[in-house]
Structure formats: C-alpha cells, structure tokens
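Report on one structure; see the data block that follows.
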2 protein chains.
Amino acid sequence: MTAIKESSTRNENKEIAINACPVSYVMNKIGGHWKPIILYQLMSGPKRYNELNKAIPNITEKMLIQHLKQLQEDDLVIRKSEPVVPPHVTYKLSKTGESLTPVMEAIATWGFKFIDKN
Amino acid sequence: MTAIKESSTRNENKEIAINACPVSYVMNKIGGHWKPIILYQLMSGPKRYNELNKAIPNITEKMLIQHLKQLQEDDLVIRKSEPVVPPHVTYKLSKTGESLTPVMEAIATWGFKFIDKN
DNA sequence: ACAAGTACTTACCCTAAAGTATGTATCTAT
DNA sequence: ATAGATACATACTTTAGGGTAAGTACTTGT
C-alpha cells in the first residue's frame, strides 16, 4: 500500500503549509488526481466498487482502492460490505463528505466559466 | 524550468479526468502544493517577490517563481516590474484571480470546520 | 473440474514534482 | 573595489505518486 514516509522535508513543509493556509489543508484532503473525481461520482449517490471503476475512465484499481481508503480514513466516505459471494461492497459519502457538495459545486461553477474563457 | 512532457499516459489520464469532472480541471490549476498558498497571500493585496518569499514559510525560490509563472500563464496573477535597480517587482491577482476569492473562502470555511472535528 | 464474478492485494517500475545548491545581472552606497 | 539588495535562473538529486501486471479468496453455475 505504498507506505508514506513521515519524516521528510516535503511532508514537514506540508504541515507548515496547513498553518499558513487553510485552503492548502483541504487541497491535501480532496486535491490530487483522483479524489475529486471519486467524490464527484459519489455525490450522485452510493456506488459499488465496480460501478466506480467503470464510471471513472482510466483509473486503475490500485488508485481506486487506495484513494477510497484514504477517503474513509478522512471520514469522507463510508464503505459498506455485504457478506455475500461474490462480494457486494458499496461506497457512499459520509455526512462530512456530503458537506463538501457546495464547495465542489462552487469550484465546478468557477471551472466552467474558466474553461469558456480559453 | 522543467519542461512538461505532453505525451505521457499520466497527462492523457488528466485530460480525460477533466471531462469526467470539472472539479478536477480546477484542481489542476490551483491545486498542488504551493499555488493555493500563493493565491491566498495575494488575496490580501499585491505583494513583492521578496514579500511573498518571506510570507510563505519554507517555500523555495525555485517553487515560488515556477508557480508564479504558471499562475501568470493561467491569467490568475499579474506581474508588474518597475525598471529600477535593485529590481522592484510586484504580483497581484488578475480579475480572474480575484473571482476565485469566494471559492477559496468556501474551501477555507469547510477546512476550518473539518480541522475542529479532529 | 473449472470458469466466472467481485473486490481487492502486491511487487516492481517510471516519472513529474519538489528540494538543494549555486550562479547571474544591475546599480548604489561605502 | 567591493559588498549589498532584488529578482530571478539553472543544474543536479530525491521522492511521492502513479502505472503495469499479475495474483488471491470464496462461492455459484455448468
């Protein structure tokens, strides 16, 4: 699962950055390549693992579970597993995750305006 | 200036991601380590290069100019240089950059709430 | 017996982004 | 003459994140 090295200049700088800028803190949570896309998908309702995999073009399974795990650790996403075979696992937004919706929408709105400008 | 390789799987995936999620598009513009922090600093008014350097803890000069350049290319920041010695250069938000303020504030607000939860 | 379906896991590799360190130009003041 | 101030530039190294490919577990249907 690609362990994260805690004691590097890079991560120390991140810590400091959080103090300097709350926006940076959020970016570290929902920023990056895939997380916003996953959250975006889950905003339209709970989805199974496979559904997410199909809905998000070109994401690898490794990236998908890796980020789903991180999102769970950050209490943004809830995993629900039915003890059946074949497995049936659904992911959905937590309350906190849902509280992100207006933020995501604000960003998306701005994004659309900006895309038009080019 | 670390040229960007256009034709890689990674960047192709990014392109696709943009179509799948407008939020992702914005993240590619203002996401990352330092850009939100730089923008945050400039929201309180224009600043000189040196001021930014001092205001942002632990940023390297390389990162600072690199991102300032990218922000200029994305028309988020305007550079103004007075032809004097020693140089006097100020950076400020463009109209588009200023239009980000509510978005940044929404993110920041959410961030503060979320920090309290831990 | 084995293929299929679902949700992962794991090992290895590659690259873009970030860090480190040093150098440059130009004029002013001492 | 040389040090100081300001705003960069550039070469080299490191690392975190992402990509590729293959394997695992467990049961049902044929």
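Every value quoted in this text rests on a predicted model; they were computed, and no experiment measured them. Within every chain, numbering begins at 1; the chains are lettered A, B, ... in the order of the sequence lines, protein sequences first and strands thereafter.
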Between C:dC8 (P) and A:Gln72 (CD): distance, integer Å: 8 Å

Distance, nearest 0.5 Å, that separates CD of A:Glu98 from CE of A:Met43: 9.0 Å

Length of the CG-P vector between A:Leu68 and C:dT9, whole Å: 11 Å

A:Lys62 NZ - D:dA21 P separation (whole Å): 13 Å

Among C:dA18, D:dT20, D:dG18, the one nearest B:Met63 by side-chain distance: C:dA18

Anything under 3.5 Å between a protein N or O and an N or O of nucleotides 4-7 of chain C, put it in a table, one pair a line.
from	atom 1	to	atom 2	distance (Å)
C:dT6	O3'	A:Arg48	NH2	3.2
C:dT6	O3'	A:Pro87	O	2.8
C:dA7	OP1	A:Arg48	NE	3.1
C:dA7	OP1	A:Arg48	NH2	3.0
C:dA7	OP1	A:Val89	N	3.2
C:dA7	OP2	A:Asn50	N	3.2

Short side-chain N/O contact to C:dA18 OP1/OP2 from B:His67, under 4.0 Å: yes

Between D:dA9 (P) and B:Asn53 (CG): distance, integer Å: 14 Å

Phosphate-side-chain proximity, A:Lys35 and D:dG18, N/O vs OP1/OP2 below 4.0 Å: no

Base-pairing string, 5' to 3', of DNA chain C - Watson-Crick or wobble, under 3.5 Å, | interstrand: ||||||||||||||||||||||||||||||

Listing, residues 102-111 of chain A side-chain donor-acceptor contacts under 3.5 Å, not counting sequence neighbours, or none:
from	atom 1	to	atom 2	distance (Å)
A:Thr109	OG1	A:Glu105	O	2.7
A:Trp110	NE1	B:Ser99	OG	2.9

Value rounded to 0.5 Å, distance of CD1 in A:Ile56 from CE in A:Met63: 12.5 Å

Distance, rounded to the nearest Å, where B:Lys80 contributes NZ and D:dC8 contributes P: 15 Å

Check: A:Lys29 side chain, A:Asp74 main-chain N or O, donor-acceptor pair, under 3.5 Å: no

Contact under 4.0 Å: A:Lys69 side-chain N or O vs C:dC8 OP1/OP2: no

Protein-nucleotide distance (A:Asn28, atom CG; C:dA18, atom P), rounded to Å: 11 Å

B:Lys47 NZ to B:Lys54 NZ distance, which is reported to the nearest 0.5 Å: 13.0 Å

Distance, nearest 0.5 Å, that separates NZ of B:Lys80 from CD1 of B:Ile78: 10.0 Å

Residue pair A:Pro87 / A:Arg48: nearest heavy atoms and the distance that separates them: O-NH2, 3.3 Å

Whole-Å distance separating the CD atom of A:Glu82 from the P atom of D:dC26: 19 Å

Distance in Å, B:His33 NE2 paired with B:Ile59 CD1, rounded so as to fall on 0.5 Å steps: 10.0 Å

Interatomic distance, B:Leu52 atom CG to B:Leu68 atom CG [nearest 0.5 angstrom]: 6.0 Å

Separation of atom CD in A:Gln66 from atom P in C:dT9, rounded to whole Å: 11 Å

